[in-house]
Amino acid sequence: EAVSERTPELLLIPEDESPVLPPVLLLPPGVRNGYALLPPLLKVLSDQRPHSWEGESPRLQPDSRALRYMKRLYKMSATKEGIPKANKSHLYNTVWLLTPCAECKHHPKDQIKEDLHSVDLLFNLDRVTALEHLLKSVLLYSFDRSVFSSSAITCTCHVAVKENDPSGQVCPNVLQPITFNLHFEIRRHKWIEIDVTSFLQPLIASNKRSIHIAVNFTCLKDDQHHNSNLGNSFNMALVPPSLLLYLNDTSEQAYRRWHRRKNPVWSRWRNNPLADSLEEMGTENMQYKRASRHRR
Amino acid sequence: DEDVKENPSAPTYNLSEYFKQFLFPQNECELHNFRLSFSQLKWDKWIIAPHRYSPQYCKGDCPRVVGHRYGSPVHTMVQNIIYEKLDDSVPRPSCIPAEYSPLSVLTIEPDGSIVYKEYEDMIATKCTCR
């Protein structure tokens with residue numbers, strides 16, 4: 001119960017505070033109920049109930065294409081044994097792939113003309129902690145290439161972030177739309193990544209718990225510019241995008257490759273006179289043994 | 001030989017016994033391999049990668065004179081001397097990990113989101129006596 005003065009920032013949870021928490025959990029500095037913020041793996045490891053992980057509540061299975069994308073990201077970021085690869089572009093230590101938790105139908109009043117594929121998406125950010133700082137954010141579209149033979153297409157994507165509507169409706173008004181013009185070859189891409197970092201930075205920095213994004217995505221094949229029903233079938237092939245957040249987790253349990261540990265302990269032997277006499281005392285009979293071992 | 005001729009009853013020297021005391025302890029403190037797969041823990045439903053994980057562990061006796069060979073602080077020597085000369089109810093120094101390496105994990109969350117995370121201190125890479 002007595003936390004030594006030397007480490008005031010480490011908090012021990014008193015036994016009577018919350019029976020649900022593991023009996024003793026040293027929390028990272030400045031985090032009172034850090035248990036809830038612990039990343040999933042550490043929650044299970046620190047959970048004292050035997051085999052609690054087996055009775056785990058059923059998990060929603062993610063979209064198979066999103067899963068394939070994240071497995072590919074894992075292979076690029078870590079070795080087979082799970083050791084993070086050290087390369088310059090790899091500044092993140094956390095990547096969240098969020099699937100939209102609500103799709104709203106568009107309000108007729110702000111229907112954008114020529115609107116072939118437009119959705120409002122709600123992304124829940126509850127899992128992103130205040131200690132995770134945003135490095136990059138991407139809307140990730142995947143599409144089924146069997147719908148099209150290989151050819152080039154041109155897409156226009158309108159993205160608008162929405163403020164939380166005070167009336168609590170799921171789909172509030174559209175704000176600050178931004179347009180991306182993309183041109184790419186279908187045969188070479190399974191994914192379209194739309195960088196919305198500058199867009200979401202202020203929202204995530206202000207610790208928003210959810211983000212509404214209205215996306216209007218229209219594509220036409222270059223060779224049939226006027227045949228919009230083809231664009232239509234392409235747009236139907238698009239599944240709602242996932243939101244990718246590349247983060248730098250600054251909490252204690254996250255791996256920070258540029259965070260150097262203190263100098264090794266043994267260097268403190270050098271300037272400690274007591275160490276020499278202790279070593280003498282510890283080695284007095286060893287000295288004799290070592291001498292005879294050398295002779296041998 | 002002279003000793004033996006003069007008084008044959010003197011104990012004959014067993015040289016191998018004599019030299020045993022100079023060998024390093026057989027089970028000295030060192031890093032040991034341990035490899036598990038998340039399917040053994042039934043976690044493979046939500047831990048997508050890696051499939052296998054080698055946390056390793058430290059085991060063995062701490063030699064009397066740890067010095068900085070183990071990167072031990074001076075206190076380890078003090079504790080050893082207390083155990084040997086003053087009070088053997090004080091435990092000898094223990095063999096524990098001194099350094100770790102991180103682990104990257106890909107997991108599925110209950111709401112279907114997927115997270116790639118790099119955790120600190122998940123694989124022991126070096127042992128010490130403390």
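Each chain gets a letter, A, B and so on, in the order its sequence line appears, and its residues count up from 1. When reading the values below, keep in mind they use all heavy atoms of this one structure, side chains included, and skip hydrogens, waters and symmetry mates.
Contact count versus chain B (heavy atoms, under 4.5 Å) is highest, among A/Ser77, A/Pro84, A/Ala78, for A/Pro84.
B/Ile48 touches chain A through its side chain: at least one heavy atom from C-beta onward sits under 4.5 Å away, while N, CA, C and O do not. With a threshold of 4.5 angstrom between heavy atoms, B/Ser54 does not approach chain A through any atom at all. For A/Lys80, the part lying under 4.5 angstrom from a heavy atom of chain B is the backbone only. Contact annotation for A/Leu73: only side-chain heavy atoms (C-beta onward) come within less than 4.5 Å of a heavy atom of chain B.
Taken from CG in A/Asp126 to OG in B/Ser113, the straight-line distance is 10.5 Å, to the nearest 0.5 Å.
Counting heavy atoms from C-beta on, the side chains of B/Val115 and A/Thr94 come closer than 4.5 Å. A/Asp249 has its side chain within reach of B/Lys117: a pair of non-hydrogen atoms, C-beta onward, lies under 4.5 Å apart.
Between A/Tyr74 and B/Ser104, the shortest heavy-atom contact is OH-O, 2.7 Å. Closest heavy-atom contact between A/Glu81 and B/Leu103: O-CD1, 3.6 Å. Here the closest non-hydrogen pair linking B/Asp111 and A/Thr99 is O-OG1, 4.2 Å. Residues B/Glu109 and A/Trp96 share a closest heavy-atom pair of CG-CZ3, 3.5 Å.
The aromatic rings of B/Tyr116 and A/His90 sit tilted, their planes meeting at an angle between 30° and 60°.
In this structure, the side-chain contact (heavy atoms from CB on, under 4.5 Å) partners of A/Ala66, at least two apart in sequence or on a different chain, are A/Asp63, A/Leu97, A/Ser242, B/Ile114.
Using a 4.0 Å cut-off between charged side-chain N and carboxylate O, B/Glu118 and A/Lys85 make no salt bridge.
Counting heavy-atom neighbours within 6.0 Å of A/Arg68 CZ, excluding the residue itself, gives a total above 12. The 12-atom threshold is exceeded at NE2 of B/His32, counting heavy atoms of other residues, nucleotides or ligands nearer than 6.0 Å.
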